[in-house]
Amino acid sequence: MLIYGMVAIYYVVFVNALYFSILALSFRNIWTIFRRSHYSKYNTLSGSELVPSVSLLVPAYNEELTIIENVNCLMTLNYPTYEVIVVNDGSSDSTLKMLLEEYRLKPMPNMQLRGKIPCQTIRGIYHNPEFPDLYVIDKENGGKADSLNAGINLSHYPLISSIDADSLLEKDALIRMARMYMENPEETVAIGGDVRIANGCKIENGAVQDVSLPRKIWPMFQSIEYLKAFLGGRIGWSHMNGLIIVSGAFGMFRKDAVIAVGGYRDGYPGEDMNIIIKLHRYMLENKLKYRVAFCPEAVCWTQAPDSYRILSSQRKRWGRGNLKNMLENRGMLFNPKYKVMGLITMPYNVIFEALNPYFRITGLIALAGYVLLDMTQWPILVLFGLLNFVSGYLLSIGALILEEIAFKRYNKLSDLVKMLVYSALKFVGYHQLGVLWRLQGHIQFLQNNNSWGTMTRQSWSEESKDASKAA
């Protein structure tokens, strides 16, 4: 027990040291991001013919509450040439009906899919010349990855962007991302955007008009979590070209690269991580220069789960997807052939993400055993817990500082105080629940549970009404 307890302590020390190293890389790059965000003349690109055309792919399953506002938002972006392809994935609600009625779409019987990536049966493709850049695909249910593959098959442009149907893009998000792509188009295969929680914000006409923090506890915890993950983590990982995931809520990809790796993996959660790992693997195995970038100034707002049941279902799904991806790509672990991915990113993900619940639970049991067997004193256990809390809290504060330096989306002093308070509170219960959910996700994986779970949404107008009442 003594040996295992020491291993657990060294594990916690090492993982926190790595977290702080990644955070340091984020700070190293934040001033460049600040200058790019505030002073770059990206708006001049909005009407430029040099900007590459983009196909926006929107998988939709039972999204009747948000789909119209989402599409309206996407059709009014500051971008010269793009198309919106909504893929109705066999919805059982009125998603398809609402799209057809709102945009007066008609079937296109002679329309052929351009690509050859396998996907479920296409039941129809709909279009209206009055909205020349909008297409709707109706298909048999096959999941998000299958829907993205169907969208790729229909797409007409060299870049594709995946966007969740419950998300809203800021008007300049796509052009900011395209600007980053244009800096190095030969090597850039994927770019991730920043995802923020829209719960609590005032939303009008498909756009966030007033930024505010969520009022409910579960979305509030997720707001802190997202800030830490995207600003405190992904900026640093992208700097070393070790980014392992581009959020499925908003990302941009070079279509030829996605097709080269066979499209998205079907039939299992974690498709957003899987496509990035496949791109890394393909480019490295073929000895091609490439980068997977992160553009934090390109912002996508999304609805977060606001109940325990839905949040736990989401996190278990993430746990299953993470474990599946690690097992499928275990050959990359500690393999110099895969450079940063093989020597740093994949080992980090296995040891400090996939195996994290087991180290934390067994480490806690071992430390408690020390005390019960009089091998140490309670103050030592308390001190260890306090150091663990302080290190985690400092990481969250670091992400908040990055937010204040470069973006300042939250202008109210009360919001900043609230974020500081919740950054501490998440270590009392919420953090432990995250460990439990990940463990339960692993159990579901062993049980071959591939379910996606349900997400109960609120219409954007209702969300905005709630925000106005709270204000």
Side-chain angles (χ1 to χ4, degrees), residues 8 11-12 15 18-19 22 61 143-145 164 166 192 195 197 218-219 221-226 228-230 232-234 237 242-249 251 264-278 302-330 332-333 341 345-365 392 395 426-427 429-456:
Y11 173 87
V12 171
V15 70
L18 190 54
Y19 285 154
I22 298 299
Y61 177 74
K144 184 176 180 180
D164 279 352
D166 64 334
V195 179
I197 303 301
W218 298 115
F221 278 133
Q222 292 169 81
S223 291
I224 300 299
E225 204 172 30
Y226 275 43
K228 180 182 174 184
F230 283 86
R234 296 192 186 183
W237 282 113
L243 202 60
I244 198 172
I245 186 170
V246 164
S247 174
Y264 286 82
R265 181 189 63 193
D266 189 20
Y268 213 94
E271 79 293 328
D272 48 0
M273 177 182 286
N274 181 259
I275 190 66
I276 297 301
I277 294 175
K278 289 202 298 184
T302 188
Q303 282 192 29
D306 60 2
S307 72
Y308 175 90
R309 180 181 62 83
I310 299 172
L311 178 58
S312 65
S313 175
Q314 179 196 67
R315 298 310 166 89
K316 291 172 193 175
R317 184 178 76 243
W318 289 3
R320 297 198 313 268
N322 181 277
L323 183 59
K324 173 73 171 178
N325 280 310
M326 294 305 101
L327 290 174
E328 281 186 350
N329 296 280
R330 58 189 179 276
M332 297 176 68
L333 278 169
M341 277 296 292
T345 305
M346 293 290 289
Y348 163 85
N349 209 267
V350 169
I351 298 171
F352 302 121
E353 295 293 338
L355 297 180
N356 182 277
Y358 308 100
F359 278 105
R360 291 195 176 274
I361 292 172
T362 55
L364 182 61
I365 293 172
L395 288 167
K426 75 184 182 71
F427 291 97
Y430 183 77
H431 185 70
Q432 290 73 21
L433 282 173
V435 173
L436 175 63
W437 292 332
R438 193 173 301 173
L439 183 62
Q440 290 176 323
H442 292 179
I443 293 171
Q444 290 180 347
F445 170 79
L446 296 174
Q447 295 172 336
N448 292 319
N449 182 344
N450 294 338
S451 63
W452 189 264
T454 58
M455 170 68 178
T456 302

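Scope of the values below: all heavy atoms of this structure, side chains included, with no hydrogens, waters or symmetry mates.
A donor-acceptor contact shorter than 3.5 Å is absent between the side chain of Thr345 and the backbone of Ile244. In terms of modelled atom types and a separation under 3.5 Å, the side chain of Gln432 and the main chain of Phe427 share a donor-acceptor contact.
Looking at every heavy atom in both residues, Pro357 comes nearest to Val435 through CA-CG1, 3.5 Å. Shown here for Ser247 and Val195, the closest heavy-atom pair between the two residues is OG-CG2, 3.6 Å. Between Ile22 and Gly232 the shortest heavy-atom distance is CG2-O, 3.8 Å. Closest approach of Leu18 and Phe352 over heavy atoms only: CD2-CE1, 3.7 Å.
Using a 4.5 Å heavy-atom threshold, the side chains of Lys228 and Lys426 count as touching. The shortest distance between side-chain heavy atoms of Gln222 and Pro305 falls below 4.5 Å. Looking at heavy atoms from C-beta onward, Leu433 lies in side-chain contact with Tyr308 at the 4.5 angstrom threshold. Counting only heavy atoms from C-beta outward, the side chains of Arg330 and Val350 never approach each other to under 4.5 Å. A heavy-atom distance below 4.5 Å is not found between the side chains of Glu271 and Arg265. Taking the side chain as every heavy atom from C-beta outward, Tyr264 and Lys144 never approach each other to under 4.5 Å. In this structure, the side chains of Met326 and Leu355 stay at 4.5 Å or more apart for every pair of heavy atoms. Looking at heavy atoms from C-beta onward, Gln314 lies in side-chain contact with Leu311 at the 4.5 angstrom threshold.
Atom-to-atom distance recorded for Ile443:CD1 and Arg320:CZ is 12.0 Å, nearest 0.5 angstrom. Ile245 contributes atom CD1, which lies 12.0 Å from atom CD1 of Ile275 (distance to the nearest 0.5 angstrom). The CG atom of Leu243 sits 7.0 Å away from atom CD1 of Ile276, with the distance rounded to the nearest 0.5 Å. Here the CH2 atom belonging to Trp318 is positioned 8.5 Å from the CG atom belonging to Asp272, to the nearest 0.5 angstrom. Here Gln303 contributes atom CD and Asp164 contributes atom CG; the two are 11.5 Å apart, rounded to the nearest 0.5 Å. Separation of atoms CD (Gln440) and CG (Asn449) is listed at 11.5 Å; rounding is to 0.5 Å.
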Q: Test Met332 against Ile277 for side chain to side chain contact (heavy atoms under 4.5 Å, CB included), laying out the working first.
A: CA-CA 10 Å; Met332 297 176 68; Ile277 294 175; 3.8 Å; yes
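Between Phe221 and Tyr430, the ring planes are parallel. Angles under 30° get that label, and only those over 60° would be called perpendicular.
One finds a salt bridge joining Arg315 and Glu225 here, because a Lys/Arg side-chain nitrogen approaches an Asp/Glu carboxylate oxygen to under 4.0 Å.
Shown here are the side-chain contact (heavy atoms from CB on, under 4.5 Å) partners of Leu323, two or more places apart in sequence or in another chain: Leu327, His442, Phe445.
Among Arg317, Met273, Arg438, the one residue that satisfies the side-chain contact (heavy atoms from CB on, under 4.5 Å) test with Asn322 is Met273.
Between Trp237 and Phe230, the ring center distance fails the sub-6.0 Å criterion.
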